[in-house]
**Student:** 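Next up is a structure, given as structure tokens.
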Amino acid sequence: MKTVNDITILKIGGSLITDKSSDFGSPQLNEIERICEEISICNKRLIIIHGAGSFGHPLAKKYNLKNTSNINGGFLTHESVKELNSLFVKQLNNKGSKAYSVNPLSNCISKNGRIVEMFLDNILIMVEEGIIPVLHGDVVMDENLKVSVISGDQITTFIAHKLKASRIGIGSFENGVLDSSGNTITTINTSNYQKVSEYIGPSESIDVTGGMLGKVKELLELSRQTNTTSYIFNGRVPNNIREFLNGNNIGTKIEK
Ligand SMILES: Nc1ncnc2c1ncn2[C@@H]1O[C@H](COP(=O)(O)OP(=O)(O)O)[C@@H](O)[C@H]1O
Ligand SMILES: [Mg+2]
């Protein structure tokens with residue numbers, strides 16, 4: 001596999017682009033437009049991963065995809081998240097970016113719900129050509145479970161590790177990781193993780209992939225393995241995404 005330097009990886013939470021209180025596919029079209037506008041201004045090498053939000057989690061829950069290999073449920077969930085991906089990619093192109101959909105079902109395999117392999121050569125050519133690959137939380141084929149659900153958060157850290165990304169951020173619903181008083185925790189590392197994990201829970205909406213705790217675990221493990229630093233910040237605040245892409249550090253920093 002070739003190497004491409006200076007890749008930024010940004011995950012856009014499903015909580016930002018859908019109404020996660022809904023139990024089926026409610027896109028937040030105005031927010032998709034605003035977010036795509038902020039992304040389109042960036043001229044860095046960029047990979048975007050978005051969450052499934054209300055297009056994925058309620059279906060994954062309905063068909064119990066975390067625990068059973070429901071083939072038809074997997075199909076319906078995949079088709080639904082693909083629809084959200086299509087809305088997002090079309091809007092990015094409307095805003096002047098060159099962006100292509102990359103569906104994880106087609107380029108990735110997992111084992112017991114963890115990605116073991118993902119084909120990345122196509123993504124690297126896109127990045128080199130100034131095309132933004134846009135992946136998403138998805139249903140993928142699993143060596144043991146047959147069908148499993150892979151979160152956008154897991155895809156983010158897998159790609160960040162493999163491609164040695166230089167900047168990694170997750171835009172989500174809160175100002176970062178919050179403590180018990182609702183204040184943003186500035187830094188999470190291996191030394192304070194035990195203490196702060198007491199404040200971190202799953203999502204308040206339906207989210208089968210672990211909510212905020214899932215993100216922190218993924219990013220902390222990434223920092224342990226690769227010594228990278230990443231950020232969880234509020235993507236609902238206008239200009240935060242643009243600021244992050246410009247190199248400004250906001251939200252909670254996760255480091256080794
Ligand atoms: N300590 C915490 N700080 C911030 N959010 C938290 C915390 N504990 C639980 N959460 C929940 O996690 C949610 C973010 O996770 P999730 O719903 O999976 O977002 P996304 O759709 O962006 O992946 C927050 O909206 C909040 O409901
Ligand atoms: Mg989530």
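For ligands, and for the atoms within them, numbers begin at 1 and follow the listed sequence.
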**Student:** In the protein, what heavy atom is nearest to atom 25 (O) of ligand 1, and what distance, to one decimal place, separates them?
**Tutor:**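 The closest heavy atom on the protein side is F173 CB, 3.6 Å.
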
**Student:** Under the side-chain hydrogen bond (donor to acceptor under 3.5 Å, both in side chains) test against E218, which residue among T209, T157, T156 passes?
**Tutor:**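 The passing option is T157.
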
**Student:** Do you know which two heavy atoms are closest between S54 and T18, and how far apart they sit?
**Tutor:**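 Reported closest heavy-atom pair: N-OG1, 3.0 Å.
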
**Student:** Would you mind running through ligand 1 and noting each atom that sits below 4.0 Å from a heavy atom of K11?
**Tutor:**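 So the atoms of ligand 1 that pass are 23 (O).
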
**Student:** Mind listing the closest non-hydrogen atom pair of M141 and V147 along with its distance?
**Tutor:**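 Taking every non-hydrogen atom into account, CE-CG2, 4.2 Å.
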
**Student:** Filter on side chain to side chain donor-acceptor pair (under 3.5 Å), then keep only pairs touching residues 116-143, sequence neighbours left out; what's left?
**Tutor:**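 Qualifying pairs: K2-E128, H78-D138, N103-H136, S110-D142, D142-S148.
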
**Student:** I'd like the name of whichever of P202, G56, S203 reaches closest to atom 10 (N) of ligand 1 through any heavy atom.
**Tutor:**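 It is P202 that holds the nearest heavy atom.
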
**Student:** Which ligand 1 atoms, with their elements, are less than 4.0 angstrom from a heavy-atom of I200?
**Tutor:**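 Contacts of ligand 1 toward I200, numbered from 1: 1 (N), 8 (N).
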
**Student:** Does E79 form a salt bridge (charged side-chain N to carboxylate O under 4.0 Å, His left out) with K82? I'd like the steps, not just the answer.
**Tutor:** CA-CA 5 Å; E79 290 300 313; K82 232 168 38 175; 3.3 Å; yes

**Student:** Distance to the ring centre below 6.0 angstrom and angle to the axis at most 45 degrees; does that hold for R167 and F244?
**Tutor:**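 Satisfied, under 6.0 Å and within 45°.
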
**Student:** Remaining members of I109's ILVMFWY cluster at a side-chain heavy-atom cut-off under 4.5 Å?
**Tutor:**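 Its cluster partners, ordered by chain and number, are V116.
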
**Student:** Considering only heavy atoms of K20, which atoms of ligand 1 have at least one such atom less than 4.0 Å away?
**Tutor:**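 Near K20, the atoms of ligand 1 are 16 (P), 17 (O), 18 (O), 19 (O), 20 (P), 21 (O).
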
**Student:** Between N175 and N234, is there a side-chain donor-acceptor contact under 3.5 Å, judged purely by atom types and distance?
**Tutor:**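 Distance-only check passes for N234 and N175.
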
**Student:** Which residue owns the protein heavy atom closest to atom 18 (O) of ligand 1, what's the atom, and how far is it?
**Tutor:**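 For this ligand atom, the closest protein heavy atom is D207 OD2, 2.5 Å.
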
**Student:** Does ligand 1 have an atom that lies less than 4.0 angstrom from a heavy atom of G176?
**Tutor:**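 G176 counts as a contact of ligand 1 under the 4.0 Å cut-off.
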
**Student:** S172 heavy atoms, cut-off 4.0 Å: which ligand 1 atoms fall inside?
**Tutor:**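 Counting atoms of ligand 1 from 1, those under 4.0 Å from S172 are 14 (C), 19 (O), 20 (P), 22 (O).
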
**Student:** State the atoms of ligand 1, each with its element, that fall below the 4.0 Å cut-off from a heavy-atom position in V177.
**Tutor:**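 Every atom of ligand 1 under 4.0 Å from some heavy atom of V177: 3 (N).
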
**Student:** Is it true that the side chains of D207 and S205 contain a donor and an acceptor less than 3.5 Å apart?
**Tutor:**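 Side chains of D207 and S205: no pair found under 3.5 Å.
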
**Student:** Looking only at side-chain N and O atoms, does Y231 offer a donor or acceptor that is under 3.5 Å from a partner on N249?
**Tutor:**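 Indeed, the side chains of N249 and Y231 share at least one donor-acceptor pair under 3.5 Å.
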
**Student:** Look at the side-chain heavy atoms of Ile, Leu, Val, Met, Phe, Trp and Tyr, link any pair under 4.5 Å apart, and say whether I49 and F88 land in one connected group.
**Tutor:**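 No, it is not one cluster - the side chains of I49 and F88 are not joined through contacts under 4.5 Å.
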
**Student:** Among residues at least two apart in sequence or on other chains, which ones pass side-chain contact (heavy atoms from CB on, under 4.5 Å) with K217?
**Tutor:**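 K217 satisfies side-chain contact (heavy atoms from CB on, under 4.5 Å) with Y193, L213 only.
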
**Student:** Would G201 count as being in polar contact with ligand 1, using the rule that some N or O on each side must be under 3.5 angstrom apart?
**Tutor:**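 Yes - when backbone and side-chain N and O of G201 are compared with those of ligand 1, one distance drops under 3.5 Å.
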
**Student:** Mark the output for S151 as yes if a heavy-atom distance to ligand 1 is under 4.0 Å, and as no if none is.
**Tutor:**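 No, that is not the case, since the closest heavy atom of the residue is not under 4.0 Å from the ligand.
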
**Student:** With salt bridge (charged side-chain N to carboxylate O under 4.0 Å, His left out) as the test, would you mind laying out the steps for K95 and E33 before giving the verdict?
**Tutor:** CA-CA 8 Å; K95 295 291 173 188; E33 185 175 357; 2.9 Å; yes

**Student:** Quick test of your reading of the structure: of E174, H50, K215, whose heavy atom lies closest to atom 20 (P) of ligand 1?
**Tutor:**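 Checking each option, the heavy atom nearest atom 20 (P) of ligand 1 is found in K215.
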
**Student:** Evaluate L178 for polar contact with ligand 1, using N/O atom pairs at a separation under 3.5 Å.
**Tutor:**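 The answer is yes, given that L178 and ligand 1 share an N or O pair closer than 3.5 Å.
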
**Student:** Would you tell me which option among E198, M212, H57 has the nearest heavy-atom contact to atom 6 (C) of ligand 1?
**Tutor:**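 Heavy atom nearest to atom 6 (C) of ligand 1 belongs to M212.
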
**Student:** Please report whether ligand 1 has a polar contact with D153, defined as an N or O pair separated by less than 3.5 Å (distance criterion only).
**Tutor:**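 N/O-N/O distance below 3.5 Å does not exist for this pair.
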
**Student:** Considering only non-hydrogen protein atoms, determine which one is nearest to atom 27 (O) of ligand 1 and report residue, atom name and distance to 0.1 Å.
**Tutor:**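 The closest one turns out to be E204 N, 3.2 Å.
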
**Student:** What is the number of protein N/O/S atoms located under 2.8 Å from the Mg ion (ligand 2)?
**Tutor:**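 Step by step: take the Mg ion (ligand 2), keep protein N, O, S below 2.8 Å, and you get 1.
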
